[in-house]
Amino acid sequence: MELRVTTGKTLLEKLEILSDAAKYDVACTSSGVDRKGDGKGIGNTIAAGICHSFAGDGRCISLLKILLTNECVYDCKYCMNRCSNDVPRASFTPEEVCRLTIEFYRRNYIEGLFLSSGILENPTYTMGLIYQVVYKLRHEYHFQGYIHIKAIPGADPEVIRLAGFEADRMSVNLELPTAQGLANLAPNKHRKTILAPMRQIQNGIGNNRNEVALYRNAPRFVPAGQSTQMIIGATPENDYQILNVAESLYQKFALKRVFYSAFVRVNEDKALPALPGGPPLLREHRLYQADWLLRFYGFAARELLSEDRPDFNILLDPKADWALRHLEEFPVEVNRASYGQLLRVPGIGVKSAQRIVQARRSSRLDFPHLKKIGVVLKRALYFITCNGRQMYPVRLEEDYITRQLLGVKEKLPFLTDQVTYRQLSLFDDRRFALGGREGVQQIVS
């Protein structure tokens, strides 16, 4: 299969166009697979991931991240590469992608490849070109570094299967959270068509895991798992709907990651929302924080949000917001609390919770110990006790704790209770009520 579109552009011109066109696809992590080189090829992949450099916004920049082509037969209203847009077009040949990858790798610019594509002619034809790239890299150039490719919805399942044995990770972009949003903004795409390759990859990974268990040298199918991406803010879904979709994807398709991409208005279309405040980056950030809670902290979407409270607090991260709405669960005694209870304390992460469980087997912990372990005490002190004592005498009151976490003194307008608070002093201790020498004696004894 040969690429039928020629652009008359130099390789450098193509690289400038197609690397810039790939910047809106954020689903490009590279962790989760361990494959050492066999000494006959180039490169290897380690389980901790290959991303050693990050952009200012946190996105990985150590992969060669490009489109195979920005030609596209689809007319998605949110996409810069939609067929109705008048933009410079370019297409790589499979050989050109291989040469770029190897030459960049040899110069130590990159350690892997992230390859996506517009839809050229039809999904199966495009997927066939992507397969040519990964096959050539693995078997002709003997490249053993990390490769992440897109599985094109609607492509022949056999081509997707063959590509899965050459790639480390595959992703199928959900694009928009709901089928209705997809129908409004991407009329050429359908939810059923998108979910079909997701299910195929999931089943392929499961079947391959059994084969590898029986035959050590069996080829591995998508060993780093699959991921997807949703555009946030292009359609009117609330955070509760989006988080429920993500939770369902994790549970039903065993995805490694769901990525959230704040909508950027690159096209003028009446169906697209206006963005007077710019892309919803804070909303994207809150969704990533909540996603982390789903994956590692044992939270469910219904605990973080509800139909009555469908969007995240713009001032507090989701974990702190949950804790303030469930003060009946606190304070937690760190020397007796379960691992799951510790994970729900603001300021205690997965590693620090594991260290607490390990350390308290040999000794009782106090606040200096927690600080050494890595607990963020300025957040956690409102929600924990050590040996039955708080770090400071603080009140378990939502308004008070919220103001302390935010570093503000005035009454917060979004809290509806009428209680006001003042700074605690030593004279708030009930033992001073005894008065005189007797009271002082009890304090210092």
Side-chain angles (χ1 to χ4, degrees), residues 22-32 48-49 51 53-63 65 78 114 148 169 171-178 181 224-235 237-251 253-264 275 277-306 309-324 343-353 376 379 405-406:
K23 67 185 178 183
Y24 297 110
D25 198 326
V26 300
C28 65
T29 57
S30 58
S31 59
C51 303
S53 299
F54 294 87
D57 59 359
R59 289 174 170 79
C60 166
I61 59 172
S62 62
L63 302 179
K65 183 180 177 184
Y78 52 81
F114 174 84
H148 180 164
R169 173 169 286 184
S171 55
V172 185
N173 281 358
L174 194 65
E175 303 289 359
L176 296 166
T178 63
Q226 64 171 323
S227 59
T228 192
Q229 173 184 272
M230 287 189 283
I231 299 171
I232 305 304
T235 46
E237 296 88 8
N238 56 46
D239 293 341
Y240 182 54
Q241 291 173 296
I242 294 169
L243 203 61
N244 271 296
V245 171
E247 185 178 57
S248 179
L249 290 171
Y250 284 128
Q251 293 173 350
F253 295 91
L255 264 64
K256 290 292 186 180
R257 288 292 303 272
V258 174
F259 291 85
Y260 309 91
S261 179
F263 170 63
V264 179
L275 295 175
L281 296 176
L282 178 58
R283 187 183 185 193
E284 176 191 296
H285 180 58
R286 290 284 181 254
L287 284 165
Y288 272 117
Q289 290 176 319
D291 186 89
W292 211 258
L293 297 180
L294 295 182
R295 294 165 57 215
F296 299 111
Y297 288 77
F299 282 87
R302 65 179 181 275
E303 294 180 279
L304 298 172
L305 296 171
S306 66
R309 191 187 178 103
D311 295 305
F312 288 113
N313 190 327
I314 62 171
L315 298 177
L316 294 168
D317 68 84
K319 187 177 179 182
D321 185 54
W322 177 88
L324 287 168
L343 284 178
R344 295 189 170 225
V345 177
I348 297 182
V350 172
K351 288 186 178 180
S352 52
V376 184
R379 297 172 62 79
L405 291 175
L406 296 177

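In this chain, numbering begins with 1 at the start of the sequence shown.
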Heavy atoms, side chains only, cut-off 4.5 Å: are [X] and [Y] in contact?
| X | Y | result |
| --- | --- | --- |
| Thr228 | Phe253 | no |
| Gln241 | Thr235 | no |
| Asn173 | Phe259 | no |
| Asp291 | Leu287 | no |
| Arg257 | Arg295 | yes |
| Asn313 | Leu324 | no |
| Asp321 | Phe312 | no |
| Leu406 | Leu316 | yes |

Quiz item: For Phe263, what residues pass the ring pair (Phe, Tyr, Trp, His ring centres under 6.0 Å) criterion, not counting sequence neighbours?
Solution: none
Self-check item: ring pair (Phe, Tyr, Trp, His ring centres under 6.0 Å) against Phe296, all qualifying residues, sequence neighbours excluded
Solution: Trp292
If you measure from [atom1] on [X] to [atom2] on [Y], what distance do you get to the nearest 0.5 Å?
| X | Y | atom1 | atom2 | result |
| --- | --- | --- | --- | --- |
| Gln226 | Arg169 | CD | CZ | 9.5 Å |
| Leu63 | Phe114 | CG | CZ | 8.5 Å |
| Leu282 | Ile314 | CG | CD1 | 7.0 Å |
| Leu176 | Ile242 | CG | CD1 | 10.0 Å |

List for me each residue that meets side-chain hydrogen bond (donor to acceptor under 3.5 Å, both in side chains) alongside [X], sequence neighbours excluded, and say none if there are none.
| X | result |
| --- | --- |
| Asp317 | Arg379 |
| Thr178 | Glu237 |
| Gln289 | His285, Arg286 |

Heavy-atom donor-acceptor pair, [X] side chain to [Y] backbone, under 3.5 Å:
| X | Y | result |
| --- | --- | --- |
| Asn244 | Tyr240 | yes |
| Lys319 | Arg344 | no |
| Ser261 | Ile231 | no |

Quiz item: Where do Arg283 and Tyr260 land on the side chain to side chain contact (heavy atoms under 4.5 Å, CB included) test, with the steps shown first?
Solution: CA-CA 9 Å; Arg283 187 183 185 193; Tyr260 309 91; over 6 Å; no
Self-check item: Test side chain to side chain contact (heavy atoms under 4.5 Å, CB included) applied to Ala353 - qualifying residues, sequence neighbours left out
Solution: Tyr339, Leu342, Leu343, Ile348
Grab the two heavy atoms, one from [X] and one from [Y], that are nearest each other, plus how far apart they are.
| X | Y | result |
| --- | --- | --- |
| Ala262 | Pro280 | CB-O, 3.7 Å |
| Ala320 | Pro346 | CA-CG, 3.9 Å |
| Pro310 | Leu305 | O-CD1, 3.7 Å |
| Pro177 | Val245 | O-CG2, 3.6 Å |
| Trp322 | Leu304 | CB-CD2, 4.4 Å |
| Ser227 | Leu255 | C-CD2, 4.1 Å |

Self-check item: Residues Ile232, Glu284; criterion side chain to side chain contact (heavy atoms under 4.5 Å, CB included); working and verdict
Solution: CA-CA 7 Å; Ile232 305 304; Glu284 176 191 296; 5.6 Å; no
Quiz item: Between His148 and Ser171, is a side chain to side chain contact (heavy atoms under 4.5 Å, CB included) present by the stated rule, with each step listed?
Solution: CA-CA 8 Å; His148 180 164; Ser171 55; 3.0 Å; yes
